[in-house]
Structure formats: C-alpha cells, structure tokens
Number of protein chains: 2
Amino acid sequence: MVTIKDVARIAGVSTATVSRVIHNGGQVGDACRAKVKKVIAELGYQPNANAQALVSKTTKAIGVVTPRLSMSFFGTLASGVENAVSENGYKLLMANSLYETQSELDAIQSLRQHNCRAIILHSEYSDEATLIRLAEEIPGLVLVNRYIPQIANRCVWLDNIRGGQWVTEYLLAQGHQQFAAVTSIYQNRDPAERLQGSRQALMEQGLSLPPERVAKSTANMEGGEQAVKELLARGETFTALLAYNDLMAIGAIHALFAAGIRVPEDVSVVGFDDLPVARACRPRLTTMHYPIEEMAAYAVNLAIKLSNANCQPTGQTYLFMPHLVERDSVTKASR
Amino acid sequence: MVTIKDVARIAGVSTATVSRVIHNGGQVGDACRAKVKKVIAELGYQPNANAQALVSKTTKAIGVVTPRLSMSFFGTLASGVENAVSENGYKLLMANSLYETQSELDAIQSLRQHNCRAIILHSEYSDEATLIRLAEEIPGLVLVNRYIPQIANRCVWLDNIRGGQWVTEYLLAQGHQQFAAVTSIYQNRDPAERLQGSRQALMEQGLSLPPERVAKSTANMEGGEQAVKELLARGETFTALLAYNDLMAIGAIHALFAAGIRVPEDVSVVGFDDLPVARACRPRLTTMHYPIEEMAAYAVNLAIKLSNANCQPTGQTYLFMPHLVERDSVTKASR
DNA sequence: GTGAAAGCGCTAACAA
DNA sequence: TTGTTAGCGCTTTCAC
C-alpha cells in the first residue's frame with residue numbers, strides 16, 4: 001500500500017504539502033504542486049479513507065436503511081440515493097432493516113459506528129419519540145416517506161392524502177359511482193391517508209365508501225387477490241376499485257379475472273406507486289406515480305446540507321406530490 | 001463521543017485491557033472483564049470503526065458493485081448480499097456501475113479506498129484481462145454471474161447453457177415443434193449461451209432454430225415487444241417462443257396479444273430469471289428460476305474466506321443451476 | 001493478568 | 001510557500 005509518506009519522500013516534500021495538494025489547498029507553489037501530482041499519479045496513490053475519517057472526524061459516506069432491497073420500491077429508493085451520493089463524491093453504506101424496529105435501530109447503530117456523515121432512513125415502524133431522539137443525535141439524519149412535525153425539516157415525504165383524493169377524483173370524472181377498496185391490514189399512515197383522501201373526494205360528490213366495501217389484507221399481490229375474493233364472496237358490486245398500492249392492484253386484477261370479471265371493461269382498477277411492474281401487467285395499470293427516485297436524491301442533498309451546518313428545527317418541510325399516470329386499467333363507467 | 005480512553009479511565013484499567021475485553025481476548029481476569037463490560041454498557045461505548053480499520057488494516061465492510069439497484073434482478077442480488085453480510089457482522093458498501101466499464105472501475109477503486117475487505121462484482125462489460133488483474137490485487141474479489149477460467153475459484157455463476165437447454169426440452173416435451181426466439185442484441189455470454197442451450201436441445205430432436213426465427217432487441221420489455229412485432233411482420237409462425245429473459249417474455253406477450261394471438265392457447269412463451277414480475281403478469285410466466293439470492297449469499301461467504309487465507313487459484317469453481325418454474329404461459333401444443 | 005508505549009495514515013495548527 | 005509536530009481512536013507487542 002502506498003501512503004502519503006511515500007509520496008512525500010519521493011516528491012521530496014513533506015506530508016503536509018502532499019495533503020494540501022490532495023485537497024487543492026491554495027498554499028502550494030505551482031512547481032511543487034505539479035511535482036507532487038506527478039508522483040501521486042506515478043505511484044497510483046489513493047488516500048486511505050479510514051485514516052482521513054479518523055482524523056477529520058467525518059467521512060464521505062452516507063448510510064441508507066430500508067426494509068429490503070429486493071422490493072422494487074426500495075431498490076428504486078436505494079438507486080436514487082446511490083446516484084445522488086456518488087454525484088457528490090460520497091460512498092453509500094447500506095443496511096436492511098427487515099421491517100423490524102430492533103434491526104432498524106441496529107442498522108442505524110452500525111452505520112453510526114462507521115461515522116457516516118448522514119443517514120437516509122425509511123422507517124415504517126419506529127415511533128416518533130425514537131426518531132426525534134435519533135434526529136437530535138445525528139445531525140445528518142433524514143426521513144424519507146414520513147412526516148414528524150417536530151423534525152419537519154428532516155422529512156422528505158409524499159402527500160398521500162391528495163394522492164388518494166386525486167386518483168379517486170379521476171375515477172369519478174370517468175363516471176364511476178360504485179367504489180370499493182382493497183387496503184393494508186396495517187392502517188398506519190400511508191394506507192390510512194390514501195383511503196382518507198379517497199373518502200374525501202367521494203364525500204364531495206355525495207358518495208361514500210362503506211366499510212363492507214373495504215377489504216383489508218397484506219399489502220402485496222397475494223393480499224390484493226385475497227381481498228378481492230372476500231369482496232366478491234360477500235356479493236359486493238362495484239365498477240371502480242381503489243387499491244392501496246400497485247401490488248395489491250395487480251393481485252386484485254388477477255382475482256377479478258379469475259372470477260370472470262374483466263378489467264377495465266367491467267371494473268376499473270387503480271394502483272399507487274407506479275412501480276415498474278405497473279407497466280408489465282395486463283392491462284397496464286393506471287396508477288399514481290410516486291417520485292421516489294427524485295425524493296431520494298433530494299433527501300441526500302438535504303442530508304449533506306444538514307450535516308454541515310448544525311441546523312435547528314425550522315418549520316420548513318419537504319413535501320412531494322404524486323401524479324396520475326393513465327394507462328389501461330380504467331375506462332369510463334357504462335351507465 | 002465516548003472513546004476507549006473514557007472507558008479505561010472510568011473502569012480504572014488501561015485501554016489495552018478494554019481492547020482485550022471488546023475482542024474477547026483470553027487474558028483478562030474475570031472481575032476485571034465484568035467491570036469493563038459494565039462500564040461499556042453504561043457509557044454506551046461503541047468502538048470507532050475507522051480507527052479499528054486504520055490500525056488493523058482491514059475492515060468489516062464488504063463492497064458490492066452492480067449496474068443499477070433499481071433493476072429487480074440487481075436489487076435482489078444486493079438484498080442477498082446484504083443479508084449474508086450482516087449475518088457475518090459486516091457492513092455493506094454499495095456502488096452502481098451504470099453499465100459502463102469506466103464507472104465500474106471507478107466504483108471498485110473507491111471501494112478499495114475504503115479498505116473493504118472484499119468486493120462482490122457483477123461485471124458485464126469489463127474484459128477478462130482487467131478482471132484477472134483486479135483479482136490479483138484484491139484477495140477478496142468475487143465475480144457473480146461470470147466465469148473466467150484463470151480465476152475460476154472466484155466465480156459464482158449460473159449454467160446458462162443448461163438453462164436454455166432444459167427450458168427448451170420442457171417445451172419439446174409439451175409437443176412443441178415450431179420455435180422462435182427473442183434475444184438480446186448483445187450476443188455476449190448469457191444471451192448467446194442460453195440460445196446455444198436451446199439449439200442443442202432442438203438439434204437432439206432433429207429440429208432447429210433458423211436465424212429468421214430469432215429476433216434481437218434490447219433485453220427489456222420494450223425489446224421483447226419490438227422483437228415479436230418483427231417476427232410477426234415477417235410472417236413467421238411458431239407455437240413456442242423462447243425469450244432471453246422475463247422482461248423480454250412479458251414484452252413479447254404484450255405484442256402477441258396486441259396482434260390477437262393468445263398466450264398460451266396459440267403460442268407458449270417462456271422466460272428466464274424468475275423475477276418477481278413473472279408472478280405479476282398475466283398469464284403468469286413459466287420461466288427458469290435464477291437463484292440469485294442464494295448465489296449472492298454464497299459469494300459473500302466465499303469472499304470472506306478468500307480475504308482471510310490468501311488463496312491461490314485452484315481449479316474449483318462455483319456453478320449454480322437454474323430450475324424450471326411452471327406457471328401459466330405454456331400449454332401443450334395442439335396438433 | 002495488566003499496563004506502557006509505539007504507531008496505523010492522515011490532517012491541521014503553528015512555525016519558519 | 002513549506003515543514004514540524006501533535007494527535008485522531010484503536011490494537012498490539014513487550015515488559016512487568
């Protein structure tokens with residue numbers, strides 16, 4: 001391994017000078033700088049990041065913790081983070097939290113041990129108090145997809161309520177009147193908010209979403225399938241189906257077809273998230289686009305900024321809006 | 001930040017002793033060890049990973065470089081790596097290579113700067129010479145999805161030829177005789193091998209896959225769609241369609257339906273990889289399962305092993321086999 | 001069994 | 001403009 005001393009010795013200067021050259025510090029003579037640069041190139045010298053981190057007490061590493069990378073949504077989130085991170089010349093440290101509060105905390109701990117400068121966290125289950133405490137300890141902590149008033153300026157999140165509202169208004173505009181919904185059994189945050197938005201839109205038209213028309217299950221394909229079966233078994237009728245997310249929507253479509261109900265001819269179905277899979281299924285899914293990649297990039301830049309200045313909580317927050325992507329799973333209601 | 005010195009001072013011992021306790025070194029008295037442990041717990045002391053890395057010249061970090069995390073296949077790969085890595089008490093460093101030779105090399109460089117102990121690399125475009133040179137410099141380098149004879153003992157790869165062969169044999173067993181294929185325009189490795197396997201199986205039955213029945217395009221959904229359109233425009237007829245991967249298969253199915261051809265009633269379609277999306281599309285895709293998560297875990301353990309001993313190239317290599325997953329996109333050929 | 005001390009590779013005062 | 005020097009937090013001989 002070639003160290004800064006080797007460079008210094010061969011270039012005939014001190015290590016301090018080499019260090020200055022590496023960091024483009026102003027106070028170096030041109031000739032000297034050129035010589036050092038030449039030696040660096042010849043030797044293929046690379047500063048040891050650990051040593052730099054040790055002495056400067058900060059690293060060029062950013063950590064991200066998400067439930068599981070194998071899920072499309074989180075893969076895309078991580079990808080957005082990675083791009084922004086490497087654009088800034090930083091490194092990415094990853095940790096899966098596996099949807100468990102404890103391993104989420106463990107993941108954060110181990111990231112901190114490595115002195116990452118900032119942490120991007122997608123937390124679903126940790127409570128607000130924990131997150132607030134964490135934010136106090138970690139200047140560069142940013143929450144994605146979560147809003148906590150006390151640390152609003154570290155939250156990069158999505159307006160789920162409006163999302164639910166807009167997608168419902170769209171269905172309404174297509175003439176639909178009979179709605180049903182499949183949603184997550186965990187009625188925490190996202191699912192509850194999206195549903196709330198839908199109910200709001202419905203109410204404005206004097207319509208409603210009665211509880212018997214809302215089936216709950218796991219927030220994946222199987223869950224969507226299962227939930228629709230339940231709806232059908234109860235004999236519910238509807239022309240528009242609101243799914244909590246794309247996965248549930250696709251499962252729902254499967255169950256509908258299995259029951260001889262065509263989408264969109266008989267029933268229109270909408271999803272939420274706009275995962276890649278929304279373009280793969282048939283009919284291609286009309287859904288609300290979740291700008292997760294942009295949000296991830298935004299979160300990284302915010303995290304870097306926060307980690308530099310030590311920012312006090314401000315009232316400001318970072319709210320993104322979903323938008324509708326029209327594809328083939330919705331059609332006008334036939335009267 | 002609480003350091004080892006703080007612990008030592010409060011426990012009334014030297015830092016050396018604390019260090020021994022941390023590492024469960026044998027030579028510490030029971031009383032002393034208990035006291036130190038207590039203080040560590042009270043203070044919430046966490047060793048500084050950078051300092052440890054600096055002095056011990058090795059880290060508990062493993063790097064992984066893949067083209068893009070947002071692609072399902074790589075997300076799953078990364079997820080497999082992450083699980084194995086954290087099971088071993090290591091940390092994961094990520095870098096996207098964006099399908100470019102140079103950024104792939106950059107990614108590796110920056111990982112090395114951080115002294116990761118091992119690197120898991122999914123390289124598609126770097127040439128063998130480069131990879132071999134890299135392997136010489138990095139003891140813990142492991143290649144996923146690639147086989148290079150000179151460094152066979154660092155390759156964790158899949159038998160694509162047999163995969164192509166088996167899936168074709170399956171179609172043959174269903175009575176199909178007229179085959180067509182959609183494959184990647186880049187006929188390097190995987191696509192070429194899978195096709196080769198198919199041709200082999202066909203030949204054994206006295207059948208063949210004439211060039212005009214093979215359409216090439218990008219290895220994604222759009223490509224699959226495009227390729228099938230081409231086939232159809234040329235007036236080719238077939239009852240079985242071999243797709244390079246699941247994405248192309250799904251695109252193909254879309255194009256087929258658009259042309260009024262039903263899957264599987266009129267044409268059977270098979271994919272390769274078994275991405276999550278294969279269970280989302282309709283009909284659900286019959287495909288060859290690529291055990292990427294297992295391979296990733298295997299690669300991690302191998303990488304750790306290699307980074308410990310300094311292993312010389314042996315003849316051994318690590319070959320995984322795909323297997324068929326029967327779903328709904330294939331049916332018996334009607335004669 | 002325990003401590004003292006050297007030093008990993010680097011940065012940043014402070015001198016010169 | 002450049003060099004000297006003192007650590008950063010930790011591990012690891014080598015004494016005791």
Side-chain angles (χ1 to χ4, degrees), chain A residues 1-40 43-61 89 91 109-117 308, chain B residues 1-40 43-61 89 91 109-110 112-117:
Chain A
M1 182 187 216
V2 26
T3 74
I4 200 171
K5 279 189 189 165
D6 300 321
V7 177
R9 186 169 33 80
I10 296 182
V13 299
S14 74
T15 61
T17 301
V18 177
S19 179
R20 289 186 191 108
V21 171
I22 293 169
H23 298 285
N24 284 312
Q27 314 297 57
V28 184
D30 288 346
C32 179
R33 156 165 288 133
K35 188 173 53 185
V36 171
K37 279 194 170 168
K38 184 155 157 287
V39 174
I40 286 178
L43 264 45
Y45 166 70
Q46 301 265 82
N48 178 322
N50 291 118
Q52 290 182 315
L54 181 58
V55 57
S56 61
K57 294 193 177 325
T58 177
T59 56
K60 296 276 266 177
K91 222 35 340 42
Q109 264 323 316
S110 82
L111 253 26
R112 293 183 66 190
Q113 236 181 77
H114 281 256
N115 296 309
C116 342
R117 191 200 205 96
N308 287 327
Chain B
M1 181 187 217
V2 25
T3 74
I4 199 171
K5 279 188 189 164
D6 300 322
V7 176
R9 186 168 33 79
I10 297 181
V13 299
S14 72
T15 61
T17 300
V18 177
S19 180
R20 289 186 191 109
V21 171
I22 292 168
H23 298 284
N24 285 311
Q27 314 297 57
V28 184
D30 289 347
C32 180
R33 155 164 288 132
K35 187 172 54 186
V36 171
K37 281 195 167 167
K38 184 156 157 287
V39 174
I40 287 178
L43 263 46
Y45 166 70
Q46 301 265 84
N48 179 322
N50 290 118
Q52 289 182 315
L54 180 58
V55 57
S56 61
K57 293 190 176 325
T58 178
T59 55
K60 295 276 266 179
K91 219 44 329 43
Q109 265 322 318
S110 83
R112 293 182 67 189
Q113 238 182 79
H114 281 256
N115 297 310
C116 352
R117 194 202 204 92

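In this structure, the separation between CG on B/D6 and CE on B/M1 is 10.0 Å, given to the nearest 0.5 Å.
A search for side-chain contact (heavy atoms from CB on, under 4.5 Å) contacts involving B/V55 returns nothing, not counting sequence neighbours. Partners of A/I4 according to the side-chain contact (heavy atoms from CB on, under 4.5 Å) rule, which considers only residues two or more places apart in sequence or in another chain, are A/T15, A/V18, A/S19, A/I22, A/Y45. With sequence neighbours excluded, the residues forming a side-chain contact (heavy atoms from CB on, under 4.5 Å) with B/S56 are B/T58, listed by chain and number. Partners of B/Q46 by side-chain contact (heavy atoms from CB on, under 4.5 Å), not counting sequence neighbours, listed by chain and number: A/Q109, A/Q113. The salt bridge (charged side-chain N to carboxylate O under 4.0 Å, His left out) search around B/K38 returns B/E42, not counting sequence neighbours. Qualifying side chain to side chain donor-acceptor pair (under 3.5 Å) partners for B/T59, counting only residues two or more places apart in sequence or in other chains: none. Residues passing the salt bridge (charged side-chain N to carboxylate O under 4.0 Å, His left out) test with B/R112 are B/E137, sequence neighbours excluded.
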Short N/O separations, protein against nucleotides 9-13 of chain C, under 3.5 angstrom:
unit_1	atom_1	unit_2	atom_2	d
C/dG9	OP1	B/K57	NZ	3.0
C/dC10	OP1	A/Y45	OH	2.5
C/dC10	OP1	A/N48	N	3.0
C/dC10	OP2	A/I4	N	2.3
C/dT11	OP1	A/H23	NE2	2.4
C/dT11	OP1	A/Q52	NE2	2.9
C/dT11	OP2	A/S19	OG	2.9

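OP1 and OP2 of C/dT2 both lie 4.0 Å or more from every side-chain N or O belonging to B/S14.
Taking five base pairs at each end of the helix from C/dG1-D/dC16 to C/dA16-D/dT1, the local helix axes there meet at an angle of 40°, rounded to 10°.
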